[in-house]
Protein chains: 4
Amino acid sequence: MYTRALKDKRSKTVQRIIEAATNVFADVGYNGARVDEIAKKAGVNKATIYYHIGDKEALYAQVLHDVTEDAAERIETSVEKATTPTDKLKAYFLAIAQTVDEHPSLAPLMMREVASGGQNLPVVIAEDLVRIYAILTDIMKEGAASGEFVPAGTLPVHLLYLGPLIFHKNLEACWKTNPGVAEVFARLDEEIYRDFGQNIEARAADEILRLVLRAVETNRK
Amino acid sequence: MYTRALKDKRSKTVQRIIEAATNVFADVGYNGARVDEIAKKAGVNKATIYYHIGDKEALYAQVLHDVTEDAAERIETSVEKATTPTDKLKAYFLAIAQTVDEHPSLAPLMMREVASGGQNLPVVIAEDLVRIYAILTDIMKEGAASGEFVPAGTLPVHLLYLGPLIFHKNLEACWKTNPGVAEVFARLDEEIYRDFGQNIEARAADEILRLVLRAVETNRK
Amino acid sequence: MYTRALKDKRSKTVQRIIEAATNVFADVGYNGARVDEIAKKAGVNKATIYYHIGDKEALYAQVLHDVTEDAAERIETSVEKATTPTDKLKAYFLAIAQTVDEHPSLAPLMMREVASGGQNLPVVIAEDLVRIYAILTDIMKEGAASGEFVPAGTLPVHLLYLGPLIFHKNLEACWKTNPGVAEVFARLDEEIYRDFGQNIEARAADEILRLVLRAVETNRK
Amino acid sequence: MYTRALKDKRSKTVQRIIEAATNVFADVGYNGARVDEIAKKAGVNKATIYYHIGDKEALYAQVLHDVTEDAAERIETSVEKATTPTDKLKAYFLAIAQTVDEHPSLAPLMMREVASGGQNLPVVIAEDLVRIYAILTDIMKEGAASGEFVPAGTLPVHLLYLGPLIFHKNLEACWKTNPGVAEVFARLDEEIYRDFGQNIEARAADEILRLVLRAVETNRK
DNA sequence: GATGAATGAGGGTTCATTCAT
DNA sequence: TATGAATGAACCCTCATTCAT
């Protein structure tokens with residue numbers, strides 16, 4: 001909406017910087033990221049980043065805000081369209097999954113941020129997260145009131161879906177990146193595939209969603 | 001057992017180094033950690049670390065291995081004592097929770113490692129993880145065979161518990177560390193406490209366990 | 001020629017770095033050289049060296065290349081002007097002597113490089129040396145064919161002049177530098193001076209040239 | 001003689017240290033040598049070296065002295081057996097060649113020492129060298145007096161043989177060590193071998209000797 | 001608006017040397 | 001006599017940041 005407009009008004013240079021920074025931060029985290037590399041990937045001089053955006057921390061904040069804001073908007077829109085608590089909950093989770101899918105940088109970014117105790121987390125981002133969190137709080141209250149859901153805290157439920165999802169996303173990267181580890185996990189993959197009788201990567205999000213709904217809903221399938 | 005004996009045989013110096021390194025890595029991750037600081041916290045010269053253990057990477061491996069090996073042993077022992085699949089699953093999860101509780105560094109360490117795609121993950125650690133993973137595979141197969149569990153992949157179930165647990169552990173740190181973020185989340189906390197009518201921190205692990213069991217068991221309470 | 005032009009286009013900073021590096025490498029060799037000292041002597045920050053040139057090895061390569069390239073060009077030009085094999089041979093040797101004279105760093109640099117088995121010798125330099133070597137090969141063939149020279153391998157003849165020349169150049173430095181050694185050699189110097197009836201330093205190159213020509217030429221004087 | 005006796009009296013430990021040090025210094029020079037590596041190759045603890053011999057510099061002096069002393073003795077013995085100046089000169093050169101052959105470390109050691117202006121050269125060594133040098137001075141005087149030799153300075157003649165010899169010895173190492181350089185020089189080797197019609201390595205010392213004698217003798221073959 | 005050049009402040013690692021045992 | 005442990009002092013290199021142009 002208005003934030004979108006703001007983003008579109010950004011100059012080509014700034015856009016390229018943000019994009020490059022997003023990728024680099026996602027790949028190697030805040031501490032691992034090099035301003036040099038971001039500048040190179042953006043095709044601009046290092047000093048240009050300082051001119052347009054500011055220091056490394058400001059750049060990081062910008063990158064995080066871009067994606068959390070997007071997530072908040074998408075979730076709000078999705079949930080509004082649903083009617084029953086169950087449908088709203090599904091919409092909430094699916095919107096999260098979609099965001100994570102479309103922003104491959106989000107998963108590692110979040111994990112790292114959480115892992116570091118939010119040291120580099122700007123307040124703007126926290127507000128985005130609160131906005132998202134509030135939506136689920138409403139859904140859970142409504143579901144518990146109607147008897148559709150087991151009474152459960154917002155945070156546990158949120159994490160029950162987000163935790164496995166993010167972990168799984170990052171594990172895929174682990175398997176692809178680290179040859180030594182990949183080799184060791186190879187045996188497991190076979191078993192996993194056999195368990196599901198199909199490709200685990202494609203099914204993982206669905207499977208997690210199924211389990212979380214079983215945990216929350218009173219009505220068993 | 002024998003690994004414990006090995007650990008106990010370590011010299012005072014090595015013990016102090018490992019301990020300091022564990023804390024520093026947990027606090028700021030691999031990239032953020034400074035060998036200088038680890039040495040200082042251990043009360044030894046920087047070169048002493050290189051003499052006894054090796055470079056930064058070797059030190060990291062040692063730290064990770066110490067805790068994953070411990071976890072693997074604890075889980076194996078716990079699960080062996082249980083009989084039914086449900087009890088075994090509970091034992092499995094509780095042993096994980098205990099390990100995470102006793103090693104406050106484990107949660108951030110794991111998140112960061114996963115977030116970075118296992119870039120710094122030594123193969124020794126991967127083997128520990130495989131060992132753990134194999135235990136759950138057996139439990140899930142047994143439970144599905146006896147009809148006690150819904151058929152479910154090992155990985156989703158593992159992550160369904162570990163994901164929320166680790167996330168929650170780290171979030172506690174976030175709340176305590178970051179003043180800006182803490183303030184924003186303050187409102188949420190109130191609601192959460194009201195939902196449960198008690199201290200969330202104490203209940204979180206239990207609540208997650210309850211939900212995961214609901215997700216997996218056919219006979220839900 | 002064109003390489004000269006290239007060198008002249010170098011910025012003041014780069015020129016100062018190369019110059020300082022040349023001196024330091026010549027004084028203490030590759031292993032003994034300290035990047036810090038080179039930076040200090042060049043009057044630039046250490047990082048500036050890395051910005052403009054690269055790591056220590058690249059700097060060394062640049063320094064060596066500068067002088068070997070110069071030598072190759074000078075020798076080629078000199079030899080082209082001569083006609084008979086004997087004159088060409090003299091021109092070849094004199095050009096070498098001139099280069100060694102004008103680049104006081106060359107002698108120690110070469111000895112050290114040869115002494116270390118060419119461990120730090122970049123391929124670019126090797127190519128310069130081959131270029132030089134090829135010239136002598138032609139001269140020797142021509143001289144042997146015309147009957148002016150004894151048949152002799154290129155390498156022995158090259159070394160027959162270069163070896164004593166370089167050794168002598170470095171020995172001068174020994175005498176000047178090391179007080180203990182100088183004292184011991186003092187007696188010898190007296191005898192040497194008496195043998196020649198004049199200053200050895202001034203005559204050394206000439207004397208070596210005379211002997212080498214006697215060794216190679218069929219026609220005795 | 002008496003020095004030999006001294007050497008034989010050295011304990012096994014000291015012998016092993018000296019031997020290891022000789023090899024290491026020859027391979028990588030004084031600056032490149034690591035006390036750690038010498039200790040390892042000698043199979044003793046690093047501190048043992050300090051206990052028995054002293055610091056790195058003392059160790060270096062010991063190593064150099066061992067070999068120069070040996071050379072001086074060998075040359076004296078050889079030359080004493082010869083009668084004519086020509087035979088004495090040959091004996092002198094051959095004894096040098098033998099020493100260099102039997103102590104593969106000597107060539108690089110000398111080059112490096114000379115290259116560094118004798119910075120690390122202990123006075124004991126200088127005395128050995130003077131002793132050697134004095135022998136040649138006598139031979140040259142006798143030969144010039146008898147008319148067998150062209151009048152020539154001791155130093156030029158000494159270097160005329162030693163220079164090419166040492167250079168050639170080290171170049172062999174260059175060719176074997178550095179793959180990049182070896183490749184470039186490959187073409188030359190072919191030509192050299194063709195020139196001689198046989199293996200250059202085996203003939204090099206002979207060829208150099210032949211040329212030096214041609215340079216010095218009045219009666220050239 | 002954009003950049004090439006330059007740098008201060010470390011970062012990880014190495015190494016000759018010492019010392020208690 | 002011999003050693004494992006420990007260290008201070010560097011060493012090479014990197015990187016976020018600034019500034020003149």
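Here is the naming used below: chain letters follow the sequence lines, and residue numbers restart at 1 for every chain. Note that these values count all heavy atoms, side chains included, but never hydrogens, waters or copies made by symmetry.
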Please tabulate, one pair per line, each protein N/O and nucleotide N/O from nucleotides 6-10 of chain F that are separated by under 3.5 Å, including the distance.
unit_1: F:dA6; atom_1: OP1; unit_2: B:T13; atom_2: OG1; d: 2.6
unit_1: F:dA6; atom_1: OP2; unit_2: B:H52; atom_2: NE2; d: 2.1
unit_1: F:dT7; atom_1: OP2; unit_2: B:N45; atom_2: N; d: 2.8
unit_1: F:dT7; atom_1: OP2; unit_2: B:T48; atom_2: OG1; d: 2.6
unit_1: F:dG8; atom_1: OP2; unit_2: B:N45; atom_2: ND2; d: 2.7
unit_1: F:dG8; atom_1: N7; unit_2: B:N45; atom_2: OD1; d: 3.4
unit_1: F:dG8; atom_1: N7; unit_2: B:N45; atom_2: ND2; d: 3.1

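Take D:N45 and apply the side-chain hydrogen bond (donor to acceptor under 3.5 Å, both in side chains) test, not counting sequence neighbours, and it matches no residue. Listed by chain and residue number, A:E37 satisfy the salt bridge (charged side-chain N to carboxylate O under 4.0 Å, His left out) test with A:K41 (two or more places apart in sequence, or in another chain). Scanning for salt bridge (charged side-chain N to carboxylate O under 4.0 Å, His left out) contacts around B:D55 gives an empty result, with sequence neighbours left out. Not counting sequence neighbours, A:K56 has no partner by the salt bridge (charged side-chain N to carboxylate O under 4.0 Å, His left out) test.
Atom-to-atom, NZ of C:K56 to P of F:dC11 comes out at 9 Å; the value is rounded to the nearest Å. As rounded to whole Å, 13 Å separates atom P of F:dC13 from atom CD1 of C:I53. Between the NZ atom of C:K40 and the P atom of E:dG8 there is a distance of 14 Å, given to the nearest Å. Here F:dC11 presents its C1' atom at 17 Å from CG of B:D55, a figure rounded to the nearest Å. One can place OH of C:Y50 at 19 Å from P of E:dG10, the figure rounded to the nearest angstrom. Computed from coordinates, the A:I17 CD1 to E:dT3 C1' distance equals 12 Å when rounded to whole Å. Here F:dC12 presents its C1' atom at 15 Å from CD of C:E37, a figure rounded to the nearest Å. Distance CZ (A:R10) to P (E:dG1): 15 Å, rounded to an integer number of Å.
With F:dC12, E:dG12, F:dA16 as the candidates, the nucleotide lying closest to the side chain of C:V35 is F:dC12.
Using a 30° and 60° split on the angle between ring planes, A:F25 and A:Y60 fall in the perpendicular class, above 60°.
Residues D:T22 and D:I18 form a side-chain contact, since some pair of their non-hydrogen atoms from C-beta on lies under 4.5 Å apart.
Within the 3.5 Å criterion, the main-chain N or O of C:A42 finds a donor-acceptor partner in the side chain of C:R16.
In this structure, C:A20 and C:I38 approach most closely via the heavy-atom pair CB-O, 3.6 Å. Taking both residues in full, the closest heavy atoms of A:R10 and A:Q15 are given as O-NE2, 3.0 Å, listed atom of the first, atom of the second, then distance.
Within 4.0 Å of D:A39, counting heavy atoms only, lies no atom of the nucleic acid at all.
Each end of the helix from E:dA2-F:dT21 to E:dT21-F:dA2 gets its own axis, taken as the rotation carrying the C1' atoms of four end pairs onto the next four within a five-pair window, and the two axes meet at 20° to the nearest 10 degrees.
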